[in-house]
Amino acid sequence: MFVQLLINTLIVGSGYGLIAMAFRLMYSVSPFFNLTLGAVAAIGAYVTFYLISSLGFNPASAIVLALAFSGLVAWSLEAFVYKPMRDNGSSAMVLLVASLGVYTIFEALIHLLFGAQYQTLGTINLSGQIDVWFAEIPLVQVITIVSNALIFIGLSWFLEHTFLGRQIRAVNDSATLSHIIGMNNSRLIMIVSVLAGLILGLAGILVGYDTGMEPTMGFNLLFKGMIGAIIGGMGSLSGAFLGAFFLAFAENLGVWVFASEWRDVVAFVIFITFLYFRPKGIFQKKVKN
Amino acid sequence: MKQKIILSLILSALLVGAAWWHFRPRPEVADNAKPEVKIGIIYPMSGDGAVYGEAAKAEAEMFFRDFNNASSCCSYKVIFEDNQLKPSRNAAIAQKLINLDKVDVLVTFLSDFGAVVSPLAEQNKVLHFSIATDPAVASGKYNFMASSNVEGEVQKLYDTLNQNLVRNIDVVIVNASGPQSVLDHLEKLAQKEDGVKIGRVHHVNENEKDFRLLLGKIKQNNPDYILVLLTMPAIDAFMRQYAESKIAIPVTGIETFTYLHDKTLAEGMWYVDSAAPTPEFLEKYQAQTGSRTTNDAGYLDLILQAVTTGYEGAQTTNRDKVADYILNNFNNAETAIGPVQVNPDGIIDGEPVLKIIVNGQIQIMGEE
């Protein structure tokens with residue numbers, strides 16, 4: 001049973017991890033709680049669903065197109081909504097409220113186009129099982145775990161070893177200073193938006209295959225990803241990555257010890273506890289003097 | 001600036017125009033016209049439950065197609081409202097139907113939705129009929145419940161499990177009043193009789209989508225059967241993950257698979273369901289609407305029959321008298337789900353049946 005708990009933690013944590021990393025990445029250059037990131041994840045899932053079930057695309061090309069569309073949506077939102085507002089001097093609170101409005105529009109559009117009912121990509125394809133030495137894990141869950149690990153490794157390398165990555169870290173440290181030394185912050189935010197959009201689109205698609213989708217899925221996903229990132233520590237990518245697993249383990253432990261209905265209670269108790277006692281998360285970023 | 005002012009004026013004019021059109025004075029009904037009985041039907045017309053709303057609408061249209069001309073008492077008007085399967089919307093919709101549309105009768109679907117409307121109906125002295133399982137929905141003079149006969153369903157399930165030599169079951173139940181009412185009856189029965197015993201009860205929230213660990217717990221507990229009391233959309237996620245987990249413990253339920261979107265996930269599984277529509281009703285429904293009906297369309301037909309029986313029999317629009325007439329005269333009536341009983345609490349019920357999923361379709365056991 002403990003093995004089952006660990007497997008479930010790995011699966012759920014990987015899903016949360018993708019969202020947490022995208023959220024952390026976006027927050028590092030555009031520090032406000034951008035709720036439209038949840039909508040981008042939902043768009044990835046629904047576009048895949050539409051391409052496969054209505055237009056008859058094969059899953060691979062549908063996923064690629066849906067990812068591209070998610071990236072495009074994330075870019076468009078940044079270019080046409082948040083950048084102009086930021087240029088007008090809007091505060092983080094105003095941007096948060098704007099993102100809530102944009103999220104609501106997207107959720108309503110998904111509702112209108114696809115209906116409110118529960119849909120699943122699982123019946124379309126990717127429903128095979130992989131034999132691991134201790135258990136049989138559905139293929140989609142293996143893909144979720146592997147892609148989460150690969151994206152974490154790739155992003156960590158990108159942020160540490162590339163010029164662009166270093167620029168992103170510089171903006172994260174001080175947007176004002178990086179602007180003064182001549183960096184094009186807006187261009188960086190655009191690039192990060194597309195990157196975050198791709199990760200979120202992938203997360204949405206994988207969740208769509210695994211547990212299904214509904215118009216409100218984006219908000220639920222983003223919320224758990226945000227909690228994971230805050231628990232782990234907003235200062236680092238590895239914090240977001242590990243915080244997601246910590247959250248998934250605590251949730252599943254709650255389900256194991258108490259009952260399924262306690263899942264969200266456990267998540268939010270941990271969230272509040274961290275906000276109260278350790279607001280900078282488990283992996284607090286050390287500030288050098 | 002000037003453009004903004006012009007745009008604001010145009011929008012304001014449009015809003016005022018729309019408001020006038022909505023509330024414009026209608027021509028008075030001629031004196032010799034029959035009094036109008038307005039029936040507000042609150043159903044999910046979009047989203048997870050849209051299939052039920054569509055079937056209900058087709059049923060109501062079918063029922064009143066010829067009835068209004070034949071009626072000696074009243075003219076019946078049906079108003080459909082969409083609750084999107086969200087209980088929170090039901091109260092606002094019911095208030096709108098009572099206060100703005102001035103309906104005489106409200107019809108709701110599922111216990112949680114009926115429970116929201118029940119006190120409002122009682123307070124406003126509006127007749128309320130709910131297709132539900134929780135007896136609390138029928139409390140008060142004006143509330144009726146076209147029940148799926150919870151006691152009968154639980155007894156049928158209990159007897160069938162005993163016949164299959166089942167000794168212990170685990171229950172997976174969503175936190176909602178209808179399923180809880182089923183569990184309460186089952187617990188009473190299990191305490192009273194020798195036979196099936198309830199092992200662990202696993203409560204889940206309505207929006208739960210991840211059942212993997214719960215299935216692991218059930219596997220560890222190793223009951224003879226899993227009784228699933230979930231509704232849309234959790235039931236689809238549960239059955240998918242049940243199939244993936246390859247647990248050999250069979251699943252059954254009460255009304256459960258009726259709510260399953262992808263019925264192939266429960267292929268070959270049996271469950272207890274509320275009284276099925278009669279072959280005559282099914283034939284008539286298919287002939288007039290061109291499609292197969294859902295179970296509850298039969299229940300809606302029964303409700304509309306009860307309403308019209310009440311108004312036609314009492315020969316008045318006084319709701320007190322109509323309620324009394326239904327209570328005293330609808331017992332043993334032949335309806336779309338066969339003969340029904342009406343108890344003093346206003347619960348109207350029929351005989352539950354065993355059903356099975358064959359080739360992704362629901363069939364009555366023994367007729368497959």
Side-chain angles (χ1 to χ4, degrees), chain A residues 1-12 15-16 111-112 114-124 127-130 135-141 207-217 219-221 224 248-249 251-265, chain B residues 44-53 82-86 89 171-176 200-222 230-241 243-247 259-265 360:
Chain A
M1 191 65 192
F2 191 70
V3 173
Q4 179 68 47
L5 177 71
L6 291 179
I7 295 172
N8 222 36
T9 299
L10 201 60
I11 296 164
V12 176
Y16 291 169
H111 192 282
L112 282 170
F114 297 94
Q117 68 268 39
Y118 170 86
Q119 309 271 17
T120 177
L121 289 164
T123 48
I124 298 166
S127 51
Q129 308 250 341
I130 298 280
E136 278 184 342
I137 305 179
L139 180 59
V140 64
Q141 291 164 10
V207 169
Y209 269 110
D210 189 21
T211 53
M213 58 209 197
E214 53 194 334
T216 54
M217 69 182 281
F219 197 78
N220 301 333
L221 278 174
K224 292 294 172 71
F249 180 76
E251 270 188 7
N252 281 299
L253 195 64
V255 173
W256 188 27
V257 176
F258 307 113
S260 216
E261 58 189 340
W262 287 87
R263 185 191 300 276
D264 286 345
V265 177
Chain B
M45 305 301 295
S46 60
D48 282 319
V51 62
Y52 299 97
D82 178 15
N83 63 14
Q84 295 173 0
L85 211 63
K86 291 176 184 161
R89 284 181 61 89
V171 182
V172 180
I173 178 171
V174 65
N175 290 324
R200 291 188 68 167
V201 178
H202 309 270
H203 287 271
V204 301
N205 289 330
E206 225 168 7
N207 59 352
E208 183 63 64
K209 300 276 161 42
D210 185 358
F211 297 96
R212 284 175 284 243
L213 206 61
L214 189 148
L215 284 162
K217 283 167 85 172
I218 294 172
K219 195 175 180 180
Q220 196 180 38
N221 209 28
N222 197 25
L230 299 176
T231 50
M232 305 162 277
I235 182 64
D236 273 88
F238 178 88
M239 291 308 292
R240 269 195 69 210
Q241 287 162 31
E244 283 170 5
S245 70
K246 298 192 175 170
I247 291 179
Y259 302 117
L260 188 62
H261 191 241
D262 179 5
K263 302 241 176 340
T264 57
L265 292 168

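Here is the naming used below: chain letters follow the sequence lines, and residue numbers restart at 1 for every chain.
Residue A:Phe114: no heavy atom, backbone or side chain, is found under 4.5 Å from chain B. Of the two parts of B:His203, the backbone and the side chain both hold a non-hydrogen atom closer than 4.5 Å to a non-hydrogen atom of chain A. In this structure, no portion of B:Glu206 lies under 4.5 Å from any heavy atom of chain A. Only the side chain of A:Asn8 comes within less than 4.5 Å of a heavy atom of chain B; its backbone N, CA, C and O stay farther away.
Within a 6.0 Å radius of NZ in B:Lys263, more than 12 heavy atoms belonging to other residues, nucleotides or ligands are found.
Taking A:Lys224 as the reference, A:Glu251, A:Asp264 meet the salt bridge (charged side-chain N to carboxylate O under 4.0 Å, His left out) condition, with sequence neighbours excluded. B:Asp210 meets the salt bridge (charged side-chain N to carboxylate O under 4.0 Å, His left out) test with A:Arg263, B:Arg212; sequence neighbours excluded.
Distance CG/B:Asp236 to OG1/A:Thr211: 12.5 Å, rounded to 0.5 Å. Between A:Asp210 atom CG and B:Arg240 atom CZ the span is 7.0 Å, to the nearest 0.5 Å.
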- [ ] For B:Lys209 and A:Glu214, run side-chain contact (heavy atoms from CB on, under 4.5 Å): C-alpha distance rounded to whole Å, both residues' side-chain angles, the deciding distance at 0.1 Å, then the answer.
- [x] CA-CA 11 Å; B:Lys209 300 276 161 42; A:Glu214 53 194 334; 2.3 Å; yes
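For B:Lys217 against A:Ala259, the heavy-atom pair with the smallest separation is NZ-CA, 4.2 Å.
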